[in-house]
A.B. asks: 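Below are the structure tokens for one structure; questions will follow.
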Protein chains: 2
Amino acid sequence: MTPTELSARLREVVGEAGLVTEPDQLAGYLTDWRDAYRGNAAVVVRPATTAEVAAVVSLCRDAGVALVPQGGNTGLCGGAVPDASGDQVVLSLTRLRRIREVDPANQTITVEAGVVLQQVQQAAAAVDRFFPLSLGAEGSCTIGGNLSTNAGGTGVLRYGTMRDLTLGLEVVLPDGRIWHGLRGLRKDNTGYDLKHLFIGAEGTLGVITAAVLKLYPALHGRATAWIALPSPQAAVDLIEILRARGGDRLTAFEIMSRQSVDFVLRHVPGTRDPFTSPHDWYALVELGDTRTDADLDGLLEAGLAEAFDRGLALDAVVASGSAQVAALWALREGISEAQNHEGPSLKHDVTVPVSSIAALVERTDRALQEAVPGIRIVVYGHIGDGNLHYNLSKPVDGDDEEFRSRADELARIVYDSTSSFDGSISAEHGLGQSKRDVMADYKDPVALDLMRGLKDLLDPVGLMNPGKVLPD
Amino acid sequence: MTPTELSARLREVVGEAGLVTEPDQLAGYLTDWRDAYRGNAAVVVRPATTAEVAAVVSLCRDAGVALVPQGGNTGLCGGAVPDASGDQVVLSLTRLRRIREVDPANQTITVEAGVVLQQVQQAAAAVDRFFPLSLGAEGSCTIGGNLSTNAGGTGVLRYGTMRDLTLGLEVVLPDGRIWHGLRGLRKDNTGYDLKHLFIGAEGTLGVITAAVLKLYPALHGRATAWIALPSPQAAVDLIEILRARGGDRLTAFEIMSRQSVDFVLRHVPGTRDPFTSPHDWYALVELGDTRTDADLDGLLEAGLAEAFDRGLALDAVVASGSAQVAALWALREGISEAQNHEGPSLKHDVTVPVSSIAALVERTDRALQEAVPGIRIVVYGHIGDGNLHYNLSKPVDGDDEEFRSRADELARIVYDSTSSFDGSISAEHGLGQSKRDVMADYKDPVALDLMRGLKDLLDPVGLMNPGKVLPD
């Protein structure tokens with residue numbers, strides 16, 4: 001089948017509205033939102049139903065053409081960007097955007113892959129329920145992408161990752177068959193749990209077309225605080241204090257180095273330091289409760305009083321009102337963007353056991369400063385999950401190109417240090433193109449062998465998102 | 001290799017203490033605790049370390065001898081009982097009983113497969129943490145068995161099944177290699193999540209030797225109530241009321257038909273009806289909170305007041321003191337044993353979405369009464385998970401053998417009804433020997449095909465617990 005013939009056949013399946021071939025319209029599908037990865041494709045196909053997805057996959061399999069599934073295209077590792085050949089077909093799921101069912105009694109919502117995360121949050125809120133996945137891109141990322149990357153974010157501490165929030169899946173397999181696993185059951189022990197094969201597989205084992213997701217009771221009370229800390233270990237100790245007092249009312253616990261906050265204050269308009277003098281570390285803490293009368297402010301203040309007594313907190317402000325809550329979160333959420341104003345940003349996303357966080361930061365910072373004296377280390381993230389974004393900016397007087405050229409060497413320092421604490425070199429961003437090769441150096445070889453076996457079992461011809469996840 | 005040679009080689013690996021060959025000592029390993037399944041084996045091997053397990057698996061693979069992994073032997077579907085041939089080797093994991101690590105800051109515990117569930121609960125409590133898996137056999141079932149059957153129980157409503165409580169695994173693969181996946185990370189997106197292959201696989205894909213499990217903040221406040229209800233739908237509505245008021249403080253919600261409670265009152269010494277007159281349905285409800293000052297009794301009473309107003313509750317007692325709590329739970333936990341006094345008990349364990357529970361009970365009861373007029377239906381279970389144990393006793397004047405002979409027909413009625421609500425025919429008991437064939441009639445054929453592919457990939461020779469899970 002020639003590319004032209006394939007396009008014609010695809011058009012028969014998805015109609016005129018489902019095919020993108022004009023170069024100016026194609027462009028947005030060929031690069032990620034940061035423009036960090038670029039590829040080519042002769043055609044972008046946008047099916048509107050699961051049956052159309054299955055027909056597209058079958059056609060491409062018959063033609064021997066590789067497919068690159070794509071959602072909101074907000075990933076950070078190039079997992080949804082085609083290669084440079086122009087031979088691959090981009091399979092955009094954004095027209096599968098039906099919310100098929102909301103079942104408040106069962107605490108579930110059934111949605112198609114192209115539904116935007118924020119729409120799921122809103123549909124849950126409309127029936128007094130809560131869908132806890134929350135991340136920066138929630139206004140444009142899709143559920144299919146969240147599933148395929150096993151997305152994390154700020155709600156993991158209390159509710160887990162996307163994998164933990166999923167009860168059932170509908171998947172088009174690489175051979176074009178549909179697996180109907182779309183059930184909203186809390187318990188089902190009738191054999192191997194297949195959904196976990198596809199969650200986090202970045203489209204390399206099949207195309208997720210719909211999912212049944214868990215909902216939770218809505219949170220009606222919240223309390224938020226910004227706290228100055230002497231060290232990462234103080235943050236770990238503060239988590240312990242707040243959990244002992246509030247249990248799972250602790251719904252978010254983010255940490256930021258002074259360097260991170262410095263960049264935000266310098267580059268994000270409208271931000272200001274809540275304190276009069278700088279501190280080495282900050283935490284942003286949120287408590288939540290289903291009850292409106294839970295006195296979370298009182299709980300938070302009592303926990304903070306204990307932290308002050310023990311020297312774990314140096315200063316603190318408890319937010320009063322939603323404007324102040326938003327201002328505090330802006331300090332956290334502005335970091336990634338602010339860092340772009342300071343030259344190239346080398347990003348890493350690692351996890352270790354929470355009990356090893358302090359040692360990780362100490363060992364990693366020392367090694368990085370030895371390698372590049374004056375390097376500016378923008379460490380921040382979901383410390384309650386043991387997850388830090390270990391981002392690096394050049395020294396103040398450093399050269400962009402020279403710094404960028406050392407990216408692999410500096411990544412090795414971060415990954416070696418992480419690995420020495422039994423950690424993971426990709427916590428929540430996945431592997432995509434960017435980490436698939438380096439991953440092989442840190443993965444248990446038996447695990448890697450099992451992964452290759454699974455790929456061969458499900459996609460023996462290798463047409464599902466080739467060049468992603470698995471190392472060459 | 002002759003059986004005698006194999007025994008000799010196994011003895012070299014595990015030593016004298018690790019080999020059971022005397023018939024009177026073997027007996028306990030060849031049948032399940034209910035004596036519902038019986039098998040034979042020439043030898044039971046009891047390795048004490050993961051390395052020994054790997055050596056045993058390699059030896060048996062080389063000898064072409066099938067292995068049947070076994071934990072506390074408390075399963076309900078014959079999954080850990082060898083076949084009748086006497087050719088299989090039982091691999092008991094009960095000597096792998098070390099708690100390798102407790103990490104309160106990371107909220108994790110690392111345990112070997114042979115550790116008894118109750119020991120894990122106790123080790124968690126010792127550091128003011130909570131391990132939520134709880135079920136009748138907790139004093140003798142092992143973590144390896146809990147993992148291999150993805151155990152459920154009464155804590156699933158709030159904390160999920162064993163699968164949800166697991167962060168990492170160590171597994172001996174069918175080829176004797178060890179997969180080192182024993183990491184206590186909340187986030188790890190470096191490829192396919194392999195642990196879910198082995199959880200719930202009932203030992204057919206490998207031997208789980210250790211796990212990292214999640215711990216939770218300890219619950220310091222509890223409230224318990226026994227409630228009379230007019231219908232299963234009233235129970236679903238009451239869940240809604242209690243969740244709206246207490247959110248995830250609702251930690252258990254069990255339902256029992258009058259028939260179930262009747263049997264307990266008749267056969268379990270020391271039990272008594274909390275109410276003066278009988279009711280059709282009962283709920284046992286528990287709220288829990290990490291705080292001691294949470295006023296859970298007040299929360300429960302307010303919820304019950306609303307339920308009375310709306311006609312959803314007919315009578316209720318809130319337990320005062322641990323003796324009364326134990327007395328109420330005895331009514332729930334005595335059902336299975338009490339039913340044995342009324343002739344053969346045909347057991348089924350199904351789930352549907354919670355929103356379909358009332359319709360399931362209505363449809364299933366009607367069909368069963370049509371098939372066997374006067375049949376006594378002992379329905380009870382974890383209604384908050386959509387999980388009912390649909391157990392059947394013969395009519396009062398019925399004949400044991402005649403009733404038993406209709407077991408398959410009656411199971412079909414329960415399963416057909418469950419299936420019509422998109423439910424599962426095995427919620428928490430697994431498939432083992434007993435349900436593996438009937439499962440095939442209710443499973444999506446694509447799912448079944450994928451399951452067979454996974455089995456062929458991991459265990460191509462078919463020596464890991466053959467005759468279990470997968471239909472012939």
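Numbers restart at 1 for each chain; the letters A, B, ... are given by sequence-line order, proteins then strands.
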A.B. asks: Where do Ser424(B) and Asp188(A) come nearest, in terms of heavy atoms and distance?
C.D. replies: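 Closest heavy-atom pair between Ser424(B) and Asp188(A): OG-OD1, 2.6 Å.
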A.B. asks: Please give me the minimum heavy-atom distance between Thr190(A) and Ser426(B), naming the atom from each residue.
C.D. replies: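 Thr190(A) and Ser426(B) have their closest heavy atoms at CG2-N, 3.6 Å.
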A.B. asks: Using non-hydrogen atoms only, which part of Thr292(A) is less than 4.5 Å away from chain B: side chain, backbone, both, or neither?
C.D. replies: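 No part of Thr292(A) comes within 4.5 Å of chain B.
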A.B. asks: I'd like to know whether Asp422(B) forms a side-chain contact (heavy atoms from CB on, under 4.5 Å) with Leu182(A), so could you lay out the CA-CA distance, the side-chain angles of the two residues, the decisive distance to 0.1 Å, and finally the verdict.
C.D. replies: CA-CA 9 Å; Asp422(B) 258 347; Leu182(A) 206 56; over 6 Å; no
A.B. asks: So, Arg249(B) and Asp289(A), do they make that salt bridge, N to O below 4.0 Å?
C.D. replies: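 Yes.
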A.B. asks: Within the side chain of Arg183(B), is there an N or O that forms a donor-acceptor pair under 3.5 Å with the backbone of Gly423(A)?
C.D. replies: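 Yes; judged by distance alone, with no hydrogens or angles, the pair exists.
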A.B. asks: Among Gly184(B), Gly181(B), Pro104(B), Gly191(B), which residue has the highest count of heavy-atom pairs closer than 4.5 Å to chain A?
C.D. replies: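 It is Gly191(B).
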A.B. asks: A side-chain contact here means heavy atoms from C-beta on lying under 4.5 Å apart; do Leu454(B) and Leu194(A) qualify?
C.D. replies: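 Of all side-chain heavy-atom pairs linking Leu194(A) with Leu454(B), at least one is under 4.5 Å.
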A.B. asks: Under 3.5 Å, is there a donor-acceptor pair between the side chain of Asn189(B) and the main chain of Thr149(A)?
C.D. replies: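 Side chain of Asn189(B) to backbone of Thr149(A): a pair is present.
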A.B. asks: Picking from Val469(A), Asn387(A), Thr161(A), Leu167(A), which has the most non-hydrogen pairs under 4.5 angstrom with chain B?
C.D. replies: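 Highest number of heavy-atom pairs under 4.5 Å: Asn387(A).
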A.B. asks: Using a cut-off of under 4.5 Å for heavy-atom pairs, which of Trp179(B), Tyr216(B), Phe198(B) has the most such pairs with chain A?
C.D. replies: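 The residue among Trp179(B), Tyr216(B), Phe198(B) with the greatest pair count is Trp179(B).
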A.B. asks: Between chain A and each of Arg436(B), Glu428(B), Met439(B), His429(B), count heavy-atom pairs under 4.5 Å; write down the option with the most.
C.D. replies: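 It is Glu428(B).
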A.B. asks: Go through Leu470(B), Ile178(B), Asp349(B), Thr108(B) and name the one with the most non-hydrogen pairs under 4.5 angstrom from chain A.
C.D. replies: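 The candidate making the most pairs under 4.5 Å is Ile178(B).
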A.B. asks: Given a strict heavy-atom distance threshold of 4.5 Å, which part of Ile199(B) is in contact with chain A: side chain, backbone, both, or neither?
C.D. replies: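 Neither part.
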A.B. asks: Measure Ile425(A) against the heavy atoms of chain B and call it side chain, backbone, both or neither at under 4.5 Å.
C.D. replies: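 Looking at Ile425(A), backbone and side chain both touch chain B.
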A.B. asks: Contact between Asp248(B) and Pro217(A) at the side-chain level, heavy atoms closer than 4.5 Å - yes or no?
C.D. replies: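 A side-chain contact exists here, since the closest heavy-atom pair is under 4.5 Å.
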A.B. asks: Any side-chain heavy atom of Arg163(A) sitting closer than 4.5 Å to one from His196(B)?
C.D. replies: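 Side-chain contact under 4.5 Å: yes.
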A.B. asks: Considering only heavy atoms, which portion of His382(B) lies under 4.5 Å from any heavy atom of chain A: side chain, backbone, both, or neither?
C.D. replies: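 Side chain only.
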A.B. asks: By number, which residues in residues 441-452 of chain A have some heavy atom less than 4.5 Å away from chain B?
C.D. replies: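 The residues closer than 4.5 Å to chain B, in numerical order, are Lys443(A), Asp444(A), Val446(A), Ala447(A), Asp449(A), Leu450(A), Met451(A).
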A.B. asks: I'd like to know which of Val350(B), Asp385(B), Asp456(B) tops the heavy-atom pair count under 4.5 Å against chain A.
C.D. replies: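 Sorted descending by pairs with chain A, the first entry is Asp385(B).
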A.B. asks: With a 4.5 angstrom heavy-atom cut-off, is it the side chain or the backbone of Leu457(B) that approaches chain A, or both, or neither?
C.D. replies: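 Answer is side chain: those atoms of Leu457(B) sit under 4.5 Å from chain A.
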A.B. asks: With side chains defined as the heavy atoms from C-beta onward, is the minimum distance between Gln107(A) and Val354(B) less than 4.5 Å?
C.D. replies: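 Sidechains of Val354(B) and Gln107(A): no contact.
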A.B. asks: Whether the side chain of Ser355(A) engages the backbone of Ala105(B) through a donor-acceptor N/O pair (distance < 3.5 Å, no angle test) should be reported.
C.D. replies: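 No.
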A.B. asks: Name, in order of residue number, those residues of residues 233-243 of chain B that have a heavy atom at a distance of less than 4.5 Å from a heavy atom in chain A; otherwise write 'none'.
C.D. replies: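 Val236(B), Glu240(B), Arg243(B), listed by number.
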A.B. asks: So which of Leu458(B), Leu299(B), Leu250(B) has the largest heavy-atom pair count under 4.5 angstrom toward chain A?
C.D. replies: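 Heavy-atom pairs under 4.5 Å are most numerous for Leu299(B).
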A.B. asks: For Ile357(A), which atoms come within 4.5 Å of any heavy atom of chain B: side chain, backbone, both, or neither?
C.D. replies: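 No part of Ile357(A) comes within 4.5 Å of chain B.
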A.B. asks: If you tally heavy-atom pairs under 4.5 Å against chain B, which of Leu185(A), Thr204(A), Leu205(A) wins?
C.D. replies: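 The candidate making the most pairs under 4.5 Å is Leu185(A).
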A.B. asks: Which atoms of Lys468(B) are under 4.5 Å from chain A, going by heavy atoms: the side chain, the backbone, both sets, or neither?
C.D. replies: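 When you check distances to chain A, no heavy atom of Lys468(B) falls under 4.5 Å.
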